[in-house]
Number of protein chains: 2
Amino acid sequence: MSASRTARERARAELTREITEIGRRQLASEGATGLSLRAIAREMGMVSSAIYRYFPSRDDLLTALIIDAYNAIGEAVEQADARCAEDDYPGRWRAVCRAARGWALAHPHEYALLYGSPVPGYQAPQDTVEPAIRDTVVYGRILADAYAGGALSPPDGFPAPPPSFSHDAEAVRSLMPGLPDDLVARAVASWTGLFGILSFEIFGQFNNVVDDRTTLFEHTIDTLGRLVGLPVSDHDLTST
Amino acid sequence: MSASRTARERARAELTREITEIGRRQLASEGATGLSLRAIAREMGMVSSAIYRYFPSRDDLLTALIIDAYNAIGEAVEQADARCAEDDYPGRWRAVCRAARGWALAHPHEYALLYGSPVPGYQAPQDTVEPAIRDTVVYGRILADAYAGGALSPPDGFPAPPPSFSHDAEAVRSLMPGLPDDLVARAVASWTGLFGILSFEIFGQFNNVVDDRTTLFEHTIDTLGRLVGLPVSDHDLTST
DNA sequence: TCGAAAAGAGAGCGCCGCTCTTGACATCGC
DNA sequence: GCGATGTCAAGAGCGGCGCTCTCTTTTCGA
């Protein structure tokens, strides 16, 4: 009978959910190296070997948590973008950056798992690629919308990318249709710059150097947004 | 006698050196989590407890290796800078960026230790701060020299930092004396942007997306250098 | 030369990931 | 209704880890 079969399957799904839940808590409090299948089993009142019925190895559990984390930051970014007026391109960019930072500050260990050192010996399976680019997809859509709306006016005086960049530009352009190579290159610089300053903050590189990290972050993302041609926002002072 | 005393002390220094040497090899091949005192002892033909005569804990060995790594990338950057004509500011910037990337590509696990996820439970002692900023010091000197030489002409159209940034700007300015707040902010954006793109490359974020990472890197550092006002170099095409 | 300090050796504690086997129990075909 | 089949928790155990404690040996300075 499907009823009784689903009874078992539901029990299995519930236990799987509980394992990932406890794993996520361990991850948040101890970091990736503190993730222990034995500790999870202990907390669940199971014997350690029973866990392996649900996750064949520690890496498999880690993969599940990584996918969850990618989806979490992706969703945070998507929702922040969705709350903005569609034609407020600089506002959308700022909202995305702030959402990413907010999530990272709230979940530093998960951020480290996604954008920090790769777990040694761990090879990300194919299932992770789609969740992994959810945030980047949002970013690309903002730029594509802004470009289509004629709202991108990149500052003069920057070098153009060499012709050899055109191949990779074509690949990246699938995320931001329509943008010329020059803007694709600037978009990559902005995006990686965002994660650069974010990683510096999360990973402690600003310790004893920068105190008011919010001010620095806000100004930096405005600068990076301006680099790709987003207009200066109302709240900014104009430059020299 | 100092001769006989140094006999034992030399043995101690030699063993300490050998431990860090093997540790560095483990680090390079396995990453930080693969660093095992027992394995080091095994390779040295010692019993594992004897290692603790030289490093009281695994974290202390890790600290030594981190300091070594900071010094290694710092030295690579310093030497690259020293090979340039002093007044070739964009050349020095590019040399520094390339040296950092070259070192990171050659020592990805060590790079991860410095600029990736912090080792959980590990607190960097005070001894690490001076080696940790060797590369940043070089960067600051280039900008200070360029500014003093009147060679910085930052592009127009970027927002100015808010007044609340001035306090942190003062602290950062100790690395690049003379620069106004606006340029200090751009300098931070450039520097964090450099490590942003570097981390994306080293940590695999470009996998299956960007093939020709050298081209992208070269163009990005030119863009970031331009952002702080370094002149466009000869090899670059001029922009629109 | 002798006593103190330093260093190595060994056993052991409590963790860890992971494997293999065993017995209890539900499910399904006959 | 009842065996055959599949699923699962439990237990024991393997090798590895960081680290500690004790005991012996070596070294070195007064």
Side-chain angles (χ1 to χ4, degrees), chain A residues 1-20 22-23 25-27 29-66 109 113 119-123, chain B residues 1-20 22-23 25-27 29-66 113 119-123 125:
Chain A
M1 274 156 255
S2 78
S4 54
R5 170 194 299 201
T6 50
R8 180 139 82 182
E9 282 182 351
R10 254 186 314 178
R12 184 178 182 84
E14 174 56 27
L15 279 179
T16 304
R17 201 202 54 76
E18 192 178 343
I19 290 172
T20 58
I22 298 176
R25 274 215 309 279
Q26 283 193 359
L27 198 61
S29 64
E30 309 285 339
T33 61
L35 182 67
S36 150
L37 295 183
R38 287 179 111 110
I40 293 176
R42 216 178 297 129
E43 189 167 335
M44 293 177 67
M46 280 174 117
V47 88
S48 69
S49 57
I51 297 281
Y52 290 84
R53 296 263 177 211
Y54 299 89
F55 291 94
S57 79
R58 184 178 176 278
D59 275 6
D60 288 273
L61 175 57
L62 205 52
T63 297
L65 294 175
I66 287 175
H109 287 117
L113 207 53
V119 177
Y122 172 80
Q123 180 73 351
Chain B
M1 278 157 252
S2 76
S4 54
R5 169 193 301 198
T6 51
R8 178 140 84 182
E9 281 184 350
R10 253 186 315 178
R12 183 177 181 85
E14 173 57 27
L15 279 179
T16 305
R17 201 201 54 77
E18 191 177 343
I19 291 172
T20 58
I22 298 177
R25 274 215 309 279
Q26 283 193 359
L27 197 61
S29 64
E30 309 285 340
T33 61
L35 182 66
S36 151
L37 295 183
R38 288 180 112 112
I40 293 176
R42 215 177 299 126
E43 188 167 335
M44 293 177 67
M46 282 174 115
V47 90
S48 69
S49 58
I51 297 283
Y52 290 83
R53 298 268 179 212
Y54 298 88
F55 290 93
S57 80
R58 184 179 176 276
D59 275 6
D60 289 273
L61 175 57
L62 205 52
T63 297
L65 294 174
I66 287 175
L113 208 54
V119 176
Y122 171 80
Q123 179 73 350

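Since this is a predicted model, take the numbers as computed values, not measurements.
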With sequence neighbours excluded, residues passing salt bridge (charged side-chain N to carboxylate O under 4.0 Å, His left out) with Arg17(A): Glu14(A)

Separation of atom CZ in Arg12(B) from atom P in dA6(C), rounded to whole Å: 9 Å

Ser36(A) backbone acceptor or donor facing Gln26(A) side chain under 3.5 Å: yes

Side-chain donor-acceptor distances from residues 44-57 of chain B under 3.5 Å, at least two apart:
{"from": "Ser57(B)", "atom 1": "OG", "to": "Asp59(B)", "atom 2": "N", "distance (Å)": "3.2"}
{"from": "Ser57(B)", "atom 1": "OG", "to": "Asp60(B)", "atom 2": "N", "distance (Å)": "3.3"}
{"from": "Ser57(B)", "atom 1": "OG", "to": "Asp60(B)", "atom 2": "OD2", "distance (Å)": "2.6"}

Closest to side chain of Arg38(A), choosing from dC18(C), dA9(C), dA10(D): dC18(C)

Spatial distance of atom CG (Leu35(A)) from atom CZ (Arg58(A)) [nearest 0.5 Å]: 5.0 Å

Spacing between Glu30(B) atom CD and dG16(D) atom P, to the nearest angstrom: 14 Å

Between N or O atoms, less than 3.5 Å apart, protein on one side and nucleotides 20-26 of chain D on the other: list the pairs.
none

N or O in side chain of Arg42(B) less than 4.0 angstrom from dC17(D) OP1/OP2: yes

Sugar-phosphate only, base, or nothing, as touched by Phe55(B) at under 4.0 Å among non-hydrogen atoms: nothing

Between dC15(C) (C1') and Leu35(A) (CG): distance, integer Å: 15 Å

Partner residues of Arg25(A) under the salt bridge (charged side-chain N to carboxylate O under 4.0 Å, His left out) criterion, sequence neighbours left out: Glu43(A)

Distance in angstrom units between Asp60(B) CG and dG18(D) C1', rounded: 13 Å

Nearest to side-chain heavy atoms of Tyr54(A), which nucleotide of dG8(C), dC8(D), dA7(C): dC8(D)

Sugar-phosphate, base or nothing in reach of Ile40(B), heavy atoms under 4.0 Å: nothing

Integer-rounded Å distance: dA7(C) P and Glu18(B) CD: 15 Å

Sugar-phosphate only, base, or nothing, as touched by Leu61(A) at under 4.0 Å among non-hydrogen atoms: nothing

Sequence-distant partners of Glu18(B), salt bridge (charged side-chain N to carboxylate O under 4.0 Å, His left out), two or more places apart: none

Leu37(B), nearest nucleotide to its side chain (from dA9(C), dC19(D), dA9(D)): dC19(D)

Whole-Å gap separating C1' (dA7(C)) and CD (Glu14(B)): 16 Å

d(CG, Leu15(B); P, dA6(C)) in whole Å: 16 Å

Whole-Å gap separating C1' (dC18(C)) and CZ (Arg58(A)): 13 Å

Touch class at under 4.0 angstrom, heavy-atom based, for Ile51(B) against every strand present: nothing

Set of residues satisfying side-chain contact (heavy atoms from CB on, under 4.5 Å) with respect to Ala13(A), sequence neighbours excluded: none

